[in-house]
Amino acid sequence: MADNPYLAHRKDKKASSSSEPLLGFLPRKVKGEQVRKALDHENNPFTKKPHTAQYRKILEARKKLPVFMQMDEFLTMFSDNQIIVMVGETGSGKTTQIPQFVTFSDLPHTKGKLVACTQPRRVAAMSVARRVAEEMDVELGREVGYSIRFEDMTEPGKTFLKYMTDGMLLREAMNDPNLERYSTIILDEAHERTLATDVLMGLLKDIAKRRADLKIIIMSATLDALKFQKYFGLTQDSAAPLFKVPGRTHPVEVFYTQEPEPDYVEAAIRTVLMIHRAEDPGDILVFLTGEEEIEDACKKIKLEADDLVNQDPDSVGPLVCIPLYSSLPPQQQQRIFDPAPSAISPSGPPGRKVVVSTNIAETSLTIDGIVYVVDPGFSKQKVYNPRIRVESLLVSPISKASAQQRAGRAGRTRPGKCFRLYTEKDFMGELEEQTYPEILRCNLSNTVLELLKLGIKDLVRFDYVDAPAPETLMRALELLNYLAALDDEGNITALGRIMAEFPLDPQLAKMLIASPEFKCSNEILTITAMLSVPNIWVRPANARREADEAKALLSVPDSDHLTLLNVYNQYYQNKYDKNWAWQNYVSGRALAQAENVRDQLQRTMERFEIELVSLSDEKKLYQNVRKALVIGFFMQVAHKEGEKGSYLTVKDNQNVALHPSCGLDSQPEWVLFNEFVLTKRPYIRTNTDVRGEWLLELASQYYDLSSFPDGETKRTLQRIAKKRDGKAGGVSNGGEPASKKQRKK
DNA sequence: GAGCACTGC
């Protein structure tokens, strides 16, 4: 080694210059001047290697970021406080720079700790980590890494700056309730108020009291900072300090309509065509609420734009209209990055690109070159009704914050315009300031189990940023108690602790853990994975009949759940072939995801020594799968009332119908469902024929008939119970009566 | 005879 002239040279250099770049750095007492000197140093302070030319080039650009100018102010605040709230608008560079500043001050590598920065989305965690590794002149996955589900790009003992999804940090907290590995935790995009961010905020506030050495930074883009400041204040009257950085975007001029628009889709189409005729070149982004609306609008825009071009080719250029929503295959999503069409003739008017998108373009996807935004002011939002335990999507007015975010999409490359299809008066007076946080809008059974596993005992009095409705918490506790994840005092049970380790809804976790008792854990594992990914059925508008025929061939007559198992098994037998998927009108992407989820769940099962077994008798196996479903989903059963395909959910007495996508070839008396969806009517989706006696036998606590409301369901169950009790030796699980087997179509 | 805002583990 000593013969290496390069090393010798470096050694000499080191001796002659200021030697160690971090010399004199006192953890958490570091000054801006010191950091700037270290950044300009010849050697990388963390790898000791000389900085590359690329590093210097990037550094020069970083120095121009707004946040860079305020490094001294930030470092002083970081030294003096345990918790900081930071507001940085788009383009401030907060996500890439602040974690680096923190690293230089905190020096986590000297104490075997890490700095974490959370993101609500996986792509963001990955791409920001990659960028920061470049900026710090290190290899991604070494000093700087990321951690997301299915991919841990970090090196234990080496990585000291880690970007991760908020959900991933929450998972870690379940087995390390003080998050001891971290010296500083940065929650980015806190204004988005994802479920995981909200839970983490509550958790971190609590941990901060126990761990004086832990520093916390809450980063947010909008002006709801005061709420966070107050929440994280040390006492009732004090607030956490605010660090504020201006953004760097172009101005966006906002226009409102004079009168409210009765039909926002029609108004949006009209506005797009108006822009196309009258405004300077530049692409348009239109926000609508869902797939159908978007596809429909795209067709109409295309038709009308073609008309305009035909009428007046000298003044109207060509226009392409591109739909954008999450269920679109990635290849088609990529089309939004295609350049606008060129002019028809060299001297003709230039072309224009229009992207018609859901909210996905508000946060998740950024399209450069957008100059005009058309904002009708609506989006689909999840709402939860705890009374009937149903989550549904409702087209609702957006918040002011959301409208601001949408407008900002027009100013990324140059000054832009935003056309709001509502009045200024409505904007000022009718729109909420912020979008309702997710924790107030959804079923919390998963979250409640997580909180209990995290050691929070009193869920009602837990210090939430926004407390969920007590009824929502009660519903969650009730479900968890029926599933035996909680005892009657509300304490988490041993079973509940294992359930919480699975990245699944409690019903699925319970079913999976219990499945070895029914000797079908291989099958339940597959079904659980299939239920954890988006819809696997592909039904192109131009091949509906073919798709339905293909689905019929894959269907198992008495269970949609078994159909999912069948699809996965055939996919497996065809060696995970995407072509097989394509030919059978199932989504190869969803199947590949299911495969991934299945592997992850299997590893968790192995960790808890949950056996993977299958009965060899196929008929018995399938029956046992249907019984195992009852172990998790006994609260999601409907009973047929009358002959018209009308069902009533047990106990809740909601009128429901089998969803049209249901593959059952009859209308069984008892149906277990995976999902209750409220669209044009209440439907139950992904259904399995089950038997009344199984309910009484396998879920006797819930099917305690004294707790049942009067009605046909109760009377039927009473008859079954009577028959059962009349028999010597109790329940028979033997063959079904022949009459029930008769199918009608 | 209909859907699928968007994320995340």
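Note on naming: letters A, B, ... go to the chains in the order of the sequence lines (proteins, then strands), and numbering restarts at 1 for each one. From a predicted model like this one, the values you see are computed outputs, not experimental measurements.
Side chain A:R685 to base B:dA2: no donor-acceptor pair is found below 3.5 Å.
Among the nucleotides B:dG3, B:dT7, B:dC9, the one closest to any side-chain atom of A:I148 is B:dC9. Of all nucleotides listed (B:dG1, B:dC4, B:dG8), B:dG1 comes nearest to the side chain of A:D548. Each of B:dC4, B:dC9, B:dG1 was ranked by its minimum atom distance to the side chain of A:T679; first place goes to B:dC4. Picking from B:dG3, B:dG1, B:dT7 the nucleotide with the shortest atom distance to the side chain of A:H659 gives B:dG3. Distance from the side chain of A:R121 is smallest to B:dT7 among B:dG1, B:dT7, B:dC6. Nearest to the side chain of A:P503, among B:dA2, B:dT7, B:dC9, sits B:dC9. In this structure, of B:dG1, B:dG8, B:dC6, it is B:dG1 that holds the atom nearest to the side chain of A:R539.
Residue contacts for A:N535: at a heavy-atom cut-off of 4.0 Å it reaches a base atom on one of the strands shown. Residue A:K680 is in sugar-phosphate contact alone, with no base atom involved, counting any heavy-atom pair closer than 4.0 Å across all strands shown. Contact annotation for A:I360: backbone-only contact, meaning every heavy-atom pair under 4.0 Å involves sugar-phosphate atoms and none involves a base. Within 4.0 Å of A:S379, counting heavy atoms only, lies no atom of the nucleic acid at all. A:Y325 comes within contact range of the sugar-phosphate backbone alone, with a heavy-atom separation under 4.0 Å but no base atom that close.
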Item to check | side chain to side chain donor-acceptor pair (under 3.5 Å) between A:N385 and A:E391, worked out | outcome: CA-CA 6 Å; A:N385 179 344; A:E391 270 180 4; over 6 Å; no

Next on the checklist: The test is side chain to side chain donor-acceptor pair (under 3.5 Å); show your working for A:R681 and A:N655 and say whether it passes.
Outcome noted: CA-CA 9 Å; A:R681 310 168 41 180; A:N655 243 309; over 6 Å; no

Checklist entry - When you look at A:K162 and A:E172, which way does the salt bridge (Lys or Arg N to Asp or Glu O under 4.0 Å) test go after all the steps? => result CA-CA 13 Å; A:K162 176 161 89 170; A:E172 286 187 9; 3.0 Å; yes

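The separation between A:L200 atom CG and B:dT7 atom P is 19 Å, rounded to whole Å. When rounded to the nearest whole Å, the span between CG of A:L449 and P of B:dG8 equals 21 Å. Taking atom CG of A:D198 as the reference point, atom P of B:dG8 lies 17 Å away to the nearest angstrom. The CG atom of A:L678 sits 14 Å away from the P atom of B:dA2 (whole-angstrom rounding). Rounded to an integer number of Å, the gap from A:Q332 CD to B:dC4 P is 19 Å.
Annotation: A:F462, atom CZ; neighbour count of heavy atoms from other residues, nucleotides and ligands within 6.0 Å is above 12. Other residues, nucleotides and ligands contribute over 12 non-hydrogen atoms within 6.0 Å of the CD atom of A:E606.
For B:dA2, neither phosphate oxygen OP1 nor OP2 lies less than 4.0 angstrom from any side-chain nitrogen or oxygen of A:S661. Between A:T165 and B:dT7 there is no side-chain N or O to OP1 or OP2 distance below 4.0 Å.
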